[in-house]
Amino acid sequence: VESSIPEHMREAWKKFSPKGFTTKDEFESEAVKHIETTLARSLFNCDELAAYSGTALAFRDRLIIDWNKTQQRQSFADQKRLYYLSLEFLMGRALDNAMLNVGLKNVAKDGLADLGFRIEDIIAQEHDAALGNGGLGRLAACFLDSMATLNYAAWGYGLRYRYGIFKQEIQDGYQVEIPDYWLDFNPWEFPRHDVSVDVQFYGWVNKYTNDEGKQIVSWQDGEIVTATAYDVPVPGYGTPTVNNLRLWSSKASSGEFDFAKFNSGEYESAVADEQRAETISAVLYPNDNLERGKELRLKQQYFWCAASLHDIVRRFKKSKRKWSEFSDQVAIQLNDTHPTLAIVELQRILVDMEGLGWDEAWTIVTSTFGYTNHTVLPEALEKWSVPLIQNLLPRHLQIIYEINLQFLQSVEKRFPKDRDLLGRVSIIEESQPKMVRMAYLAIIGSHKVNGVAELHSDLIKTTIFKDFVKVYGPDKFTNVTNGITPRRWLHQANPRLSELIASKIGSYEFLKDLTLLNKLEPFVDDKEFKKEWAEIKYANKVRLAQHIQTTKGYSVNPKALFDIQVKRIHEYKRQQLNIFGVIHRYMAIKSMSPEERKKLVPRVSVFGGKAAPGYWMAKTIIHLINKVGEVVNKDPDVGDLLKVVFLEDYNVSKAEIIVPASDISEHISTAGTEASGTSNMKFVLNGGMIIGTLDGANIEITREIGEQNIFLFGNLSEDVEDLRHHHFYGDYKVNPELVKVFDCIKKGTFGDEGAFGALISGIVEHGDYYLVSDDFNSYCQTQDLIDEAYKDQDAWVTKSITSVARMGFFTSDRCINEYADTIWNIEPLDVAEEKEVRART
Ligand code: GL4
């Protein structure tokens, strides 16, 4: 309050506070001002990067005006807020999104043209903000977009990694990782050097009774690292709301920089301490669906949870409310188990620092948190060793044990003498060393637990969390099927399709209410409309073909069927099934007569995705795809009938080119393994067909768009367990067609056959855990059906339009509203008045 301007001086202030540009001239003036002053460049040395920078700074200013107002409005409204804790935010580029969301892309386009630039070239200058691995991180980014668009008072909290997900290069067919240093020039963040939190590590716990006879617990000594806030504005679409994403960066605490060392000449060692502190937020762990239990990762998790929680508590305390009202003001969502320590940290703040009783504190904690589970894969479920936590966070380990004790006592009361049950639900796994099961802690410390698609939410209740359903009853567990933002994944990535849709249904309202897409259905027989629809798909394919030409150096025929699988490379996602299918097709083509070949539908098989650097099998799959491509693409018998493309460095901005260009995309995980998938939704929303298993959100997509509009194949999730058993104990034989594919590889058709041995033996000798052989026949037959269906272009376009018309359910807006209603209990803010003010000025 002391820092605000006195009442009688506010007029002058208001007179000069910036309003933000709205016209082309104003935009040009802002951009040129930034280029000439902020960047110290002139019209004699303004390249595309400088033009990008000036444009970005102009838009940043514009966002920040609305950001400030949003923060004031939200403080004033004093409603409950949501905090979304995620170690990953895969934001991609910000400029295009900012221009579309504030409705000034055309203004910028014309302005840039005046200044001598093409807007596409300027947009392409931006480095992706790639602070995530895959679906989980991109989901967090879509959620931020929806929360702002729907005017929820919601903040994201994450880490400001200096290095995002690595850049992928392919050398001699192998993946090579290059560090992604992305902060050279980042106009989208605001350092808040005045907003910092000191975070403690190591040390020891001192328990004593003070003069008033009160038990005091204090965590002493150890090392202190400072968290500094960097704020990233998150604009909503067609609304004045600009929310905040707060990312923490680590540095040595100022008290920590050892001046004694420094003065006694140990300069290097003092600097080394400084660097050790900075290491915490230095790099994103590049694993998707895999946890490796590294100490630095645990440090990252606590650093980020502690900084975020202290920030949230500080904001709550300003309101001078009673602690009992905490969960009326604050909801915190845990994006997977990575932020589970936040539960322990809040309990520690309330009990050790604020002096609340244990039970009172625990009631507050459990009514504040919600936990989202994103995977059932055992290798992805987080466990931390007790000795590791003991050393790094001694007080937290005590609290975890106390939480566990109280929980187990309550279980014992309800299920007396069920010793097995107690062992199964204990937070502590009695292994050597003992392990803390983070998912169990997250369940016990939250009031709701959700899965991310119907099948997945059922599976967690019947498999990994079965015992907790017994303990808590089924109502604690719920489903919120994932969604995607149609702003980025339709309007931004596929502007022509968005425009065509708007022209048919009368406005762009569908971007805010995606169910309006159903108004397209009456036009499925409109010849002219269908023609335009098909033309747009073709143009998008031409654009991708150009991208392939410039990055790979060869051409593909845009008239061919584009078959695309882009996602992280993982055995459970089964890119190996896809490439084996491609080899099968290649062998078939080779054995055909020229007449037979003429009847074939030409295909371009596109792959893209990163393998975790330590995931050797995934890297082998990438290698095989590339080697198959080298052989097939130059085989004169094949020509245009088949091309195999591995696109390097798949990321958000490349997805924006790839997704609109697909005819068919592959979502072919072993049933029961892909929690949801979200690219399946992106592809269908852009008019592509899907080949998929009955897994994750594919099931709900099928229900919405109709079985006749999707190509399903393969075994069902309920049969997977029996099939695996049969591989070991039955009279199991590998599918004979697949054996032929293996023989072809073993002959050395694609180079050094030894390089692919593990891929084959995993199926032939080691039980084929992912059921590649079981599903191979059904996969290949379905691919043949796709060829046949593609020949009837008119029917194909009908399927495409019908599917898009029925995709309304899969917007992340629906998803966020469900979370708000059923988990967070928050309401959107009313911004009608602000909108009117903006309309008038
Ligand atoms: C994932 C799932 O693998 C993916 O199916 C899901 O769509 C995504 C978002 O819920 O979460 N879980 C992990 S771990 N990484 C993912 O991408």
Side-chain angles (χ1 to χ4, degrees), residues 84 86-90 130-144 146 165 284-292 297 301 333-340 370-383 438-439 442 449-457 459-460 464 478-485 489 565-575 609-612 615 618 650-652 655 665-684 690 692-701 717 770 810 812 815-816 818-819:
Y84 197 78
S86 180
L87 259 193
E88 304 190 9
F89 288 96
L90 197 44
L131 307 184
N133 275 287
L136 177 146
R138 182 55 230 177
L139 184 76
C142 284
F143 281 6
L144 292 182
S146 286
I165 188 68
L284 165 78
Y285 275 88
N287 305 317
D288 182 79
N289 270 291
L290 180 75
E291 276 301 329
R292 279 166 164 253
R297 167 84 166 183
Q301 294 186 348
Q333 191 65 24
L334 307 173
N335 196 24
D336 215 289
T337 54
H338 317 146
T340 304
Y371 155 51
T372 306
N373 171 277
H374 292 271
T375 182
V376 294
L377 297 192
E379 64 270 31
L381 296 179
E382 274 191 296
K383 289 176 188 175
M438 301 308 269
V449 177
N450 76 285
V452 290
E454 273 178 24
L455 174 69
H456 171 65
S457 297
L459 281 175
I460 62 176
I464 54 175
T478 184
N479 172 249
V480 184
T481 298
N482 282 167
I484 56 169
T485 168
W489 296 113
Q565 188 176 19
V566 284
K567 49 184 83 224
R568 286 300 288 253
I569 310 293
H570 207 299
E571 287 164 279
Y572 87 80
K573 295 180 188 282
R574 297 201 295 189
Q575 284 92 354
K610 294 170 187 179
Y615 190 172
Y650 176 62
N651 62 13
V652 171
S665 65
E666 309 222 5
H667 309 274
I668 59 176
S669 50
T670 311
T673 62
E674 187 72 275
S676 163
T678 42
S679 74
N680 42 7
M681 304 166 191
K682 295 168 195 167
F683 280 103
V684 179
I690 278 187
T693 43
L694 282 151
D695 199 18
N698 290 356
I699 295 171
E700 288 148 88
I701 292 176
S717 95
Y770 296 101
F810 298 99
S812 44
C815 207
I816 288 301
E818 277 183 26
Y819 277 100

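Atoms within each ligand, like the ligands themselves, are counted from 1 in listed order.
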Shortest reach to atom 9 (C) of ligand 1 by a heavy atom, considering only Asn482, Leu381, Thr673: Asn482

Would you say the side-chain atoms of Asn450 and Thr478 include a donor-acceptor pair closer than 3.5 Å? no

Quick one about His456 and Asp695 (side-chain donor to acceptor, distance below 3.5 Å, no hydrogens or angles considered), yes or no? no

Does either side chain, that of Glu88 or that of Asn133, offer a donor lying less than 3.5 Å from an acceptor on the other one? yes

Near Tyr572 (heavy-atom distance under 4.0 Å), the atoms of ligand 1 are 3 (O)

Hydrogens and angles aside, do Gln333 and Tyr819 bring a side-chain donor and acceptor to less than 3.5 Å of each other? no

Is the closest N or O pair between Ser676 and ligand 1 shorter than 3.5 Å? yes

Do any nitrogen or oxygen atoms of Asp336 lie less than 3.5 angstrom from nitrogen or oxygen atoms of ligand 1? no

Quick one: nearest non-hydrogen protein atom to atom 12 (N) of ligand 1, plus distance? His374 O, 2.8 Å

Is the contact between Asn133 and ligand 1 made by the side chain, the backbone, both, or neither, using heavy atoms and a 4.0 Å cut-off? neither

Could you check whether any side-chain heavy atom of Gln565 comes within less than 4.5 Å of a side-chain heavy atom of Gln575, counting everything from C-beta outward? yes

Before signing off on this row, confirm whether Glu674 and ligand 1 have an N or O atom pair separated by under 3.5 Å. yes

Do Asn335 and His374 have side-chain heavy atoms sitting under 4.5 Å apart? yes

Using a 4.0 Å heavy-atom threshold (strictly under), name the region of Leu136 that reaches ligand 1: side chain, backbone, both or neither. both

Distance-only donor-acceptor check, side chains Thr375 and Asn373, under 3.5 Å: no

One finds that the ligand 1 atoms under 4.0 Å from a non-hydrogen atom of Val452 are 10 (O)

Mind checking whether Thr372 contacts ligand 1 via backbone (N, CA, C, O), side chain (CB onward), both or neither, at a 4.0 Å heavy-atom cut-off? neither

Give the residue, atom name and distance (to 0.1 Å) of the protein heavy atom nearest atom 13 (C) of ligand 1. Asn289 ND2, 3.4 Å

Does one side chain, of Ser669 or His667, offer a donor that lies under 3.5 Å from an acceptor on the other? no

Distance-only N or O hit between ligand 1 and Gly677, under 3.5 Å: yes

Just so I know, are the side chains of Asn680 and Ile701 near enough to count as touching, which here means a heavy-atom distance under 4.5 Å? yes

For ligand 1, which atoms sit closer than 4.0 Å to a heavy atom of Asp288? 15 (N), 16 (C), 17 (O)

